[in-house]
2 protein chains.
Amino acid sequence: MNSMAPEAPDGALLPVPGLDYGVLDELLGYSLRRAQSALYLDFHRATASFDISPPRFAALVLVSRNAGLRQQQLAEAMGLHRSGALRLTDWLQERGWVERRADPADARAWGLHLTATGRAALRQLEQAVRAHDAALMHALGPTAGAMKSELERLARIANAAAQADQP
Amino acid sequence: MNSMAPEAPDGALLPVPGLDYGVLDELLGYSLRRAQSALYLDFHRATASFDISPPRFAALVLVSRNAGLRQQQLAEAMGLHRSGALRLTDWLQERGWVERRADPADARAWGLHLTATGRAALRQLEQAVRAHDAALMHALGPTAGAMKSELERLARIANAAAQADQP
DNA sequence: TATTGTTATACTCTATAACTATA
DNA sequence: TATAGTTATAGAGTATAACAATA
């Protein structure tokens with residue numbers, strides 16, 4: 001294996017015949033985890049020629065579509081602490097894909113911008129990721145669109161539940 | 001915050017109004033990621049009084065339902081490298097929830113067993129996790145069962161896609 | 001030779017805490 | 001006083017590689 005991509009799990013999170021999964025088999029959450037694991041492995045396969053990961057890809061897209069984005073905004077968009085957005089930005093900048101420019105409106109902040117190299121990388125990556133996703137939706141068949149909507153609804157429901165007892 | 005639970009993400013992976021998500025909004029994979037993020041946060045909230053995480057809970061359930069499980073089998077069931085199963089087992093053993101006993105059939109292997117403390121912890125945890133999951137399924141409404149089946153189908157499809165070009 | 005487990009190491013992804021500069 | 005970013009540190013969750021003991 002000579003890919004430089006981040007380490008993927010060693011194997012699939014598939015039910016092993018003969019093992020008793022107890023409550024796990026009854027949980028919606030565990031089904032979601034199994035699906036997430038499988039999609040992550042396939043994302044990894046589809047982007048194996050790039051040194052990328054889902055959060056790195058998402059950050060690249062967000063910067064490309066929102067030129068001048070600040071690190072704090074990137075953190076909010078990705079559900080991260082600001083220190084996490086900083087590390088992600090460092091990584092993208094080291095690869096020459098993103099640059100920090102002074103923000104004219106606030107001397108504390110950086111505006112993030114794609115470089116020409118970053119735009120070229122994103123063009124290729126986006127094609128690979130779109131193909132990977134389209135293949136999955138095609139294999140799912142006519143219910144794929146409904147599934148995507150239901151996942152969005154589930155995300156809203158679970159976010160509301162998670163925040164219900166936070167201050 | 002005085003929970004000892006592992007660090008949860010700082011915030012929700014929710015769409016931020018005014019930001020352009022580009023291709024991300026079109027991807028089934030990103031919808032799944034948003035749902036997974038929200039469920040993870042809610043799992044964390046539901047188990048905040050325990051020092052637990054989804055993989056630790058899954059490992060505890062697997063050991064409880066398959067007494068004498070070997071570390072290698074735990075790794076396979078969870079899609080991990082054997083070194084990951086070792087660390088998970090170390091963690092469960094340090095807390096006194098699981099013990100390693102000599103495997104009578106193979107002197108290289110350990111058989112993993114729940115302790116009385118582990119059984120008591122699992123009883124409480126399983127109750128909290130079941131309640132968390134049932135609340136989500138209830139909020140989803142009559143389509144919840146179908147959603148779970150569709151997630152299982154998606155996992156099978158994506159696993160097949162991921163393995164299609166592996167040797 | 002192949003398998004089980006261990007040790008040592010490394011990298012990603014996340015956090016917290018204490019700090020600086022600016023608002 | 002609050003916010004944007006940085007630095008230093010930590011820990012979970014993964015991996016790889018080299019090793020010992022056993023099959």
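Order of the sequence lines fixes the chain letters, A, B, ..., with proteins taken first and strands second; residue numbering starts at 1 for each chain.
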Distance-only donor-acceptor test (3.5 Å): side chain B:Arg108, base C:dT3:
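Pair found.
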Under-3.5 Å donor-acceptor pair between B:Ser83 side chain and C:dT6 base
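No, the side chain and the base share no sub-3.5 Å donor-acceptor pair.
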Between [N] atom [atom2] and [X] atom [atom1], what is the distance in whole Å?
X        : N      : atom1 : atom2 : answer
A:Leu86  : C:dA17 : CG    : C1'   : 15 Å
A:Glu76  : D:dG5  : CD    : P     : 10 Å
A:Ile52  : C:dC11 : CD1   : C1'   : 15 Å
B:Asp103 : D:dT22 : CG    : C1'   : 12 Å
B:Leu88  : D:dG13 : CG    : P     : 7 Å
B:His81  : C:dC11 : NE2   : C1'   : 15 Å
A:Glu94  : C:dC11 : CD    : P     : 12 Å
A:Trp91  : C:dC11 : CH2   : C1'   : 13 Å

Would A:Val129 end up clustered with A:Met137 when hydrophobic side chains under 4.5 Å apart are linked, directly or stepwise?
no
Side-chain contact, heavy-atom cut-off 4.5 Å: A:Leu112 with A:Arg70?
no
[X] has a side chain; which of [options] sits nearest to it?
X        : options                : value
A:Trp110 : D:dG5, D:dA12, D:dT16  : D:dG5
B:Pro9   : C:dT14, C:dT16, D:dT16 : C:dT14
B:Ser53  : C:dT4, D:dG13, C:dC13  : D:dG13

May I ask you to verify if any side-chain N or O of B:Arg82 is less than 4.0 angstrom from the OP1 or OP2 atom of D:dA15?
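So the side-chain polar atoms of B:Arg82 never come under 4.0 Å of the phosphate oxygens OP1 or OP2 of D:dA15.
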Does C:dC13 have OP1 or OP2 under 4.0 Å away from a side-chain N or O of B:Arg33?
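Checking B:Arg33 against C:dC13: no side-chain N or O falls below 4.0 Å of OP1 or OP2.
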Side-chain donor-acceptor pair under 3.5 Å between B:Arg45 and A:Gln163, yes or no?
no
Please classify the nucleic acid contact of A:Leu80 as base, sugar-phosphate, or nothing, using heavy-atom distances under 4.0 Å.
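Here A:Leu80 touches the backbone only, sparing every base.
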Is A:Asp106 touching bases, backbone alone, or none of the nucleic acid, heavy atoms closer than 4.0 Å?
sugar-phosphate
Take the angle between the ring planes of A:Trp97 and A:Trp91 and call it parallel below 30°, perpendicular above 60°, tilted in between.
perpendicular
According to the interplanar angle, ranging from 0 to 90°, do the rings of B:His132 and B:Phe43 count as parallel (below 30°), tilted (30 to 60°) or perpendicular (above 60°)?
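Taking B:Phe43 first and then B:His132, their aromatic rings stand perpendicular (interplane angle over 60°).
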Side chain of B:Thr115, backbone of B:Gly96: donor and acceptor closer than 3.5 Å?
yes
With sequence neighbours left out, what residues match A:Arg130 under salt bridge (charged side-chain N to carboxylate O under 4.0 Å, His left out)?
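In terms of salt bridge (charged side-chain N to carboxylate O under 4.0 Å, His left out), with neighbours along the sequence ignored, A:Arg130 is linked to A:Glu126, B:Glu26.
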Hey, which sits more toward the 5' end of DNA chain D by its nearest nucleotide, A:Asp90 or A:Arg87?
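Final value for this comparison: A:Asp90.
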Distance check, rounded to the nearest 0.5 Å: A:Lys148 atom NZ versus B:Leu32 atom CG?
11.5 Å
5'-most contact on DNA chain C: A:Gly79 or A:Ala107, nearest heavy atom basis?
A:Gly79
Here the residues of residues 63-74 of chain A within 4.0 Å heavy-atom distance, strictly under, of DNA chain C are none
